[in-house]
Engineer: 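Okay, here's the structure, questions in a sec.
Both ligands and their constituent atoms are indexed starting at 1 by order of listing.
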Amino acid sequence: MKVSGETKIIGIFGYPVTHSLSPLFQNAAFEALGLNFVYLPFLVKPEDLKGAVESIKSLNMVGVNVTIPHKKKVLVYLDELSSEAKMMGAVNTICYRDGKLIGYNTDGKGFISSLTKEGKFNPQGKRALILGAGGAAWAISFALIEAGVKRLNIANRTIKKAEILLERLKEFFQDKCEITLIDFDKVNSSIVMNEVDLLINATSVGMHPEDSLLINPELLAPHTFVYDVVYNKKTKLLKAAEDRNLPCLGGLGMLVYQGAYSFEIWTHKKAPLKEMKEVLKEQEKCFVT
Ligand code: ATR
């Protein structure tokens, strides 16, 4: 990559940001298409977020990704929001266009593309159980309902957070789907698990080798598809699903597809998925399914 006077700048705002894989695969994508763009990590402290967002305009950047812990707080500094960003109250992509900062959220779409294209699983009419109520769970829940799941069960260690998510989902999708909360300590029952077509681990459990399983794998029904958003390794949950010959996927696809949608918002070009995945395969801390 040659940086010139015409190079267009994109970045990621996060705190921390060093762990982010986005610079790696976004720059690989620019290179693959011969685009004169560069993607840089920016360590932005919470108290500096307003100034950082304003700098997108003042530095005439194309846009940025926004990650932990800024995805919700950034909304107030933007001029416009996409319908997804409005619903979820969270932004992961900003585009600076015609003097305006526009906020998008590509996480949910990224999940659905990974699930349907890589996993060949069609969520329409299915019963899903999601573990977690953090940022990933929010994006996935909205996207799954929009994609037509018949039932969505949510279980989170902290019940209050699950209740907030439920309330928000009901606000937007009153009758579109049957949405219920399940006590976190009650998910490990065959009655619950037998009725699950799609199990999603949207918690961070599984990232560390010492993490224990949240679900007893013996309870996984033979018709269940298992999706684990953790992408840095093959988690115990995925290993157990594989041992049971169940269809399953790790979270790297979601990461790549959300990035691909961001890429397309900024460049108006089709993202080179193959090259984006390829560069991640070379990374030790990635588990590519
Ligand atoms: P992300 O944006 O990646 O979803 P997050 O917003 O910090 O990250 O959410 C992390 C999720 O993992 C939460 O649902 C969290 O549960 P709590 O709401 O109870 O904190 C869940 N989580 C993290 N560690 C967990 C553990 N040891 N057991 C169960 N759930 C856990």
Engineer: Using a strict 4.0 Å cut-off to heavy atoms of T158, name the atoms of ligand 1 that fall inside it.
Structural biologist: 17 (P), 18 (O), 19 (O), 20 (O)
Engineer: Need the ligand 1 atom indices (1-based, order shown) with element for anything under 4.0 Å from a heavy-atom of G132.
Structural biologist: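 Those qualifying, in numeric order: 14 (O).
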Engineer: How far apart are the closest heavy atoms of N65 and S262, and which atoms are they?
Structural biologist: ND2-OG, 3.4 Å
Engineer: Strictly under 6.0 Å, is that where the ring centroids of Y227 and F121 end up?
Structural biologist: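 No, the ring of Y227 stays outside the 6.0 Å limit from the ring of F121, centre to centre.
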Engineer: How close do M207 and N232 get, counting heavy atoms only, and between which atoms?
Structural biologist: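 It is O-ND2, 3.3 Å.
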Engineer: Among all protein non-hydrogen atoms, which one is nearest to atom 5 (P) of ligand 1, and what is the separation to 0.1 Å?
Structural biologist: G134 CA, 4.0 Å
Engineer: Strictly inside 4.0 angstrom of atom 7 (O) of ligand 1, do you find any protein heavy atom?
Structural biologist: no
Engineer: Looking at S204, which atoms of ligand 1 are within less than 4.0 Å of one of its heavy atoms?
Structural biologist: 12 (O), 23 (C), 24 (N)
Engineer: Closer than 4.0 Å to some heavy atom of A136 - which atoms of ligand 1 meet that?
Structural biologist: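 That gives atoms 1 (P), 2 (O), 4 (O) of ligand 1.
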Engineer: For atom 27 (N) of ligand 1, which of the options K160, H208, R157, K71 provides the nearest non-hydrogen atom?
Structural biologist: R157
Engineer: Answer with yes or no whether W138 contacts ligand 1, where contact means a heavy atom under 4.0 Å from a ligand atom.
Structural biologist: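 Judged by the 4.0 Å heavy-atom criterion, W138 does not count as contacting ligand 1.
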Engineer: Relative to the heavy atoms of K161, which atoms of ligand 1 are at a distance of less than 4.0 Å?
Structural biologist: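 The atoms of ligand 1 under 4.0 Å from a heavy atom of K161 are 17 (P), 18 (O), 20 (O).
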Engineer: Report yes if the distance between the aromatic ring centroids of Y39 and F25 is under 6.0 Å, otherwise no.
Structural biologist: no
Engineer: Walk me through it: do K270 and E264 pass the test salt bridge (Lys or Arg N to Asp or Glu O under 4.0 Å)?
Structural biologist: CA-CA 6 Å; K270 189 114 194 66; E264 289 170 9; 3.7 Å; yes
Engineer: Below 3.5 angstrom, do we get any N/O pair linking G135 and ligand 1?
Structural biologist: yes
Engineer: Is there a side chain to side chain contact (heavy atoms under 4.5 Å, CB included) between D79 and K57 once you walk through the steps?
Structural biologist: CA-CA 11 Å; D79 301 308; K57 280 187 182 174; 3.2 Å; yes
Engineer: Quick test of your reading of the structure: of T203, T67, N156, whose heavy atom lies closest to atom 14 (O) of ligand 1?
Structural biologist: N156
Engineer: Treating Ile, Leu, Val, Met, Phe, Trp and Tyr as nodes and any side-chain heavy-atom pair under 4.5 angstrom as an edge, say whether V64 and F30 lie in one connected cluster.
Structural biologist: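 Result: no, two separate clusters.
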Engineer: Determine the sole option in K126, R127, K150, R151 for which the salt bridge (Lys or Arg N to Asp or Glu O under 4.0 Å) test with E178 is passed.
Structural biologist: R151
Engineer: Decide side chain to side chain contact (heavy atoms under 4.5 Å, CB included) for Y257 and L115; before the verdict, give the C-alpha distance in whole Å, the side-chain angles of both, and the deciding distance to 0.1 Å.
Structural biologist: CA-CA 10 Å; Y257 275 105; L115 182 70; over 6 Å; no
Engineer: Which atoms of ligand 1 sit under 4.0 Å from any heavy atom of F184?
Structural biologist: 29 (C)
Engineer: Using a 4.0 Å cut-off to any heavy atom of A133, which atoms of ligand 1 qualify?
Structural biologist: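 Taking each heavy atom of A133 in turn, ligand 1 has 14 (O) under 4.0 Å.
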